[in-house]
Amino acid sequence: MKNAPPLNVFVASTPLQLISCSEALHFYGCSREATLLIIARPDNRETEEQMALLAEALGWHGIETIYLKKRSFYLRLATVARNLARRTINRLFIGNKSSWIHEVFYRGFDSEQLIFVDDGLATVRYYHAIHDEGIASRISSGKKRLLSAMGIRIHRIVPDVIAFFTCFPLQSSNLVEVQVHDFPVFRGTFKTSVRDSDLTPLVGFLGQPFGGEDRLRQLRLQIQHVVERHPESPIVYFMHRKESRADLERALAGFPVDIRQAGRPIEVEVALSGETYIAFYSFASTALFTLKKIFPEIQMFQIDDSALSAKLPYYGEIVGMFNSVGVETTSL
């Protein structure tokens, strides 16, 4: 082990994090033989299946991959910790700054460079949190004792300057070093410009589990807005993996909407389905941003909903980022 080359370690729990890791793997020129991918406790079976699809499609086959599933999580984590303790880590790519599971890696293991990859809207929150309050630990004293018993000592101080590898137009500062990408690996892997013009053009709506008790009421108003703008077009509602079909069916009863659980990340669904989309809508799903960067020919609309916007931190900045890549704004 002492003569083994330094490792590049990637930690991801969601499809977007894994897509971002795939872009970083290419951008930083990480050797496949000295790379470790850790799939860290995805939240449900659908997420696991989507990540397995992405791992195969985006070139992770042949790269050592460790799955930390819920059932055997602590046992597998202890094994990973023993192995990493004997290796030098060159770059450590982290998908979720606020997850205590991911924090175990960036505070428990030394690395030459710590890099955060994209995690949707959370990326913007992470960016501001670093400037406003630093990075507070999410690991409780009880978990620290448990981890210590497993041989994992939470000891590392977060570097003074943290690197972000992101698709969002964030600015470098004295605390954050930003590297922006535009999905070259994804676009090169999937045929993002091929569409079947014989199929009926669709309008897509991107769901998200945001808004608390006002969410479903406002969602009806948003869908009504889309139906009025596209009275002749079939509308497809793409469920977020954390949404409930039963709740959506009750909330959207009476609207001509096809509710789908795509089974694969929306970016992959649009690339591979062969269907033609003339527009996508959402309140603030960052998939509007990623889809616009990957499929610039499709119109994207952010629905300005004042009842929900007051609840979303950095709403104005997020809308500004949407607009910067051509996402248009439409008001209820």
Polar side-chain atom of Asp305 near backbone of Ala307 as donor-acceptor pair, under 3.5 Å: yes
Pair Gln224-Glu228, side chain to side chain donor-acceptor pair (under 3.5 Å): steps then yes or no: CA-CA 6 Å; Gln224 180 179 346; Glu228 290 172 353; 3.2 Å; yes
Distance-only donor-acceptor check, side chains Ser137 and Glu103, under 3.5 Å: yes
Between His128 and Glu133: side-chain donor-acceptor atoms closer than 3.5 Å: no
Note, Val124 side chain near Met321 side chain (heavy atom, < 4.5 Å): yes
Side chain to side chain donor-acceptor pair (under 3.5 Å) between Ser111 and Arg156, intermediate numbers included: CA-CA 9 Å; Ser111 64; Arg156 189 187 184 203; 3.2 Å; yes
Hydrophobic cluster identity match, Leu202 and Phe205, side-chain contacts under 4.5 Å: no
Exercise: identify the closest heavy-atom pair between Asn44 and Arg241: ND2-O, 3.6 Å
Pairwise side-chain contact, Ile318 with Leu312, heavy-atom cut-off 4.5 Å (strictly under): yes
Over 12 foreign heavy atoms within 6.0 Å of NZ, Lys242: no
Nearest-0.5 Å distance, CD1 of residue Ile154 to CD1 of residue Ile139: 4.0 Å
Residue list, side chain to side chain donor-acceptor pair (under 3.5 Å) with Ser98, at least two apart or on another chain: none
Check against side-chain contact (heavy atoms from CB on, under 4.5 Å), Thr286 and Phe168: CA-CA 10 Å; Thr286 47; Phe168 300 111; 3.8 Å; yes
Shortest non-hydrogen contact from Pro15 toward Pro265: CB-CG, 3.7 Å
For residues 248-262, which side-chain donor-acceptor pairs fall under 3.5 Å, sequence neighbours excluded?
{"residue": "Arg250", "atom": "NH2", "partner": "Asp247", "partner atom": "OD1", "Å": "2.4"}
{"residue": "Asp258", "atom": "OD2", "partner": "Arg260", "partner atom": "NE", "Å": "2.8"}
{"residue": "Asp258", "atom": "OD2", "partner": "Arg260", "partner atom": "NH2", "Å": "3.4"}
{"residue": "Arg260", "atom": "NH1", "partner": "Glu275", "partner atom": "OE1", "Å": "3.1"}
{"residue": "Gln261", "atom": "NE2", "partner": "Glu46", "partner atom": "OE1", "Å": "2.7"}

Nearest heavy-atom neighbours spanning Ser285 and Phe322: O-CZ, 3.4 Å
Heavy-atom closest pair, residues His240 and Pro209: CG-CD, 3.4 Å
Polar contact flag, side-chain donor to acceptor under 3.5 angstrom, Thr329-Asp304: no
Expected output: side-chain Tyr237 to main-chain Ile223 donor-acceptor under 3.5 Å: no
Pairwise distance CG(Leu114) to CZ(Arg107) - rounded to 0.5 angstrom: 9.5 Å
Non-neighbouring partners of Glu33 that pass side chain to side chain donor-acceptor pair (under 3.5 Å), sequence neighbours left out: Ser31
Ring centroid separation Phe93 to Phe165 under 6.0 Å: no
Polar contact flag, side-chain donor to acceptor under 3.5 angstrom, Arg91-Gln113: yes
Note, Phe238 side chain near Glu269 side chain (heavy atom, < 4.5 Å): yes
Between Trp60 and Thr65: side-chain donor-acceptor atoms closer than 3.5 Å: no
side-chain contact (heavy atoms from CB on, under 4.5 Å) between Asp214 and Leu308, intermediate numbers included: CA-CA 8 Å; Asp214 296 327; Leu308 296 184; 4.2 Å; yes
Test item: Glu64 side-chain N/O and Leu36 main-chain N/O as donor-acceptor pair under 3.5 Å: no
Hphob cluster co-occupancy, Ile298 + Ile303, side-chain heavy atoms under 4.5 angstrom: no
Polar side-chain atom of Lys293 near backbone of His181 as donor-acceptor pair, under 3.5 Å: yes
Within one Ile-Leu-Val-Met-Phe-Trp-Tyr cluster: Ile115 and Ile19, side-chain cutoff 4.5 Å: yes
Side chain proximity check, Phe280 to Phe301, heavy atoms < 4.5 angstrom: no
Tyr127 ring center near Tyr314 ring center (under 6.0 Å): no
Glu23 (side chain) donor-acceptor with Val185 (main chain) under 3.5 angstrom: yes
Any donor-acceptor N/O pair, His155 side chain to Arg153 backbone, under 3.5 Å: yes
Plane angle bin for Phe183 and Phe186 - parallel if under 30°, tilted between 30 and 60°, otherwise perpendicular: perpendicular
Minimum heavy-atom distance Asn90-Pro6, with the two atoms named: CB-CB, 3.9 Å
Student check: side-chain heavy atoms of Val203 and Val226 closer than 4.5 Å: yes
Candidate pair Tyr126 and Ile94, rule side-chain contact (heavy atoms from CB on, under 4.5 Å), full reasoning: CA-CA 12 Å; Tyr126 299 165; Ile94 294 292; over 6 Å; no
Within one Ile-Leu-Val-Met-Phe-Trp-Tyr cluster: Leu121 and Tyr281, side-chain cutoff 4.5 Å: no
Arg82 side chain to Gly151 backbone, donor-acceptor under 3.5 Å: no
side-chain contact (heavy atoms from CB on, under 4.5 Å) evaluation trace for Ile162 with Ile130: CA-CA 9 Å; Ile162 294 174; Ile130 289 170; 4.0 Å; yes
Polar side-chain atom of Ser140 near backbone of Lys143 as donor-acceptor pair, under 3.5 Å: yes
Polar side-chain atom of Ser13 near backbone of Ala40 as donor-acceptor pair, under 3.5 Å: yes
Exam field: side chain His102 to backbone Asn96, donor-acceptor pair closer than 3.5 Å: yes
NE2/His225: more than 12 non-hydrogen atoms of other groups inside 6.0 Å: yes
Where Val180 and Cys167 come nearest, the two heavy atoms and their spacing: CG1-O, 4.0 Å
Side-chain H-bond candidate by donor/acceptor type, Glu297 with Tyr277, under 3.5 Å: no
Residue pair Asn8 / Tyr28, side-chain heavy-atom distance below 4.5 Å: no
hydrophobic_cluster_shared for Leu16 and Val11, side chain cutoff 4.5 Å: no
Whether Phe283 and Tyr315 hold their rings parallel, tilted or perpendicular, with breakpoints at 30° and 60°: parallel
Close side-chain approach of Leu77 and Ile152, heavy atoms under 4.5 Å: yes
Residue pair Thr290 / Glu267, side-chain donor-acceptor N/O under 3.5 Å: yes
Asp160, CG: over 12 other non-hydrogen atoms inside 6.0 angstrom: no
Any donor-acceptor N or O pair under 3.5 Å, side chains Asp119, Thr123: no
Carboxylate-amine/guanidinium contact Glu328 Lys292, below 4.0 Å: no
Within-4.5 Å side-chain heavy-atom neighbours: Arg187 and Ile294: yes
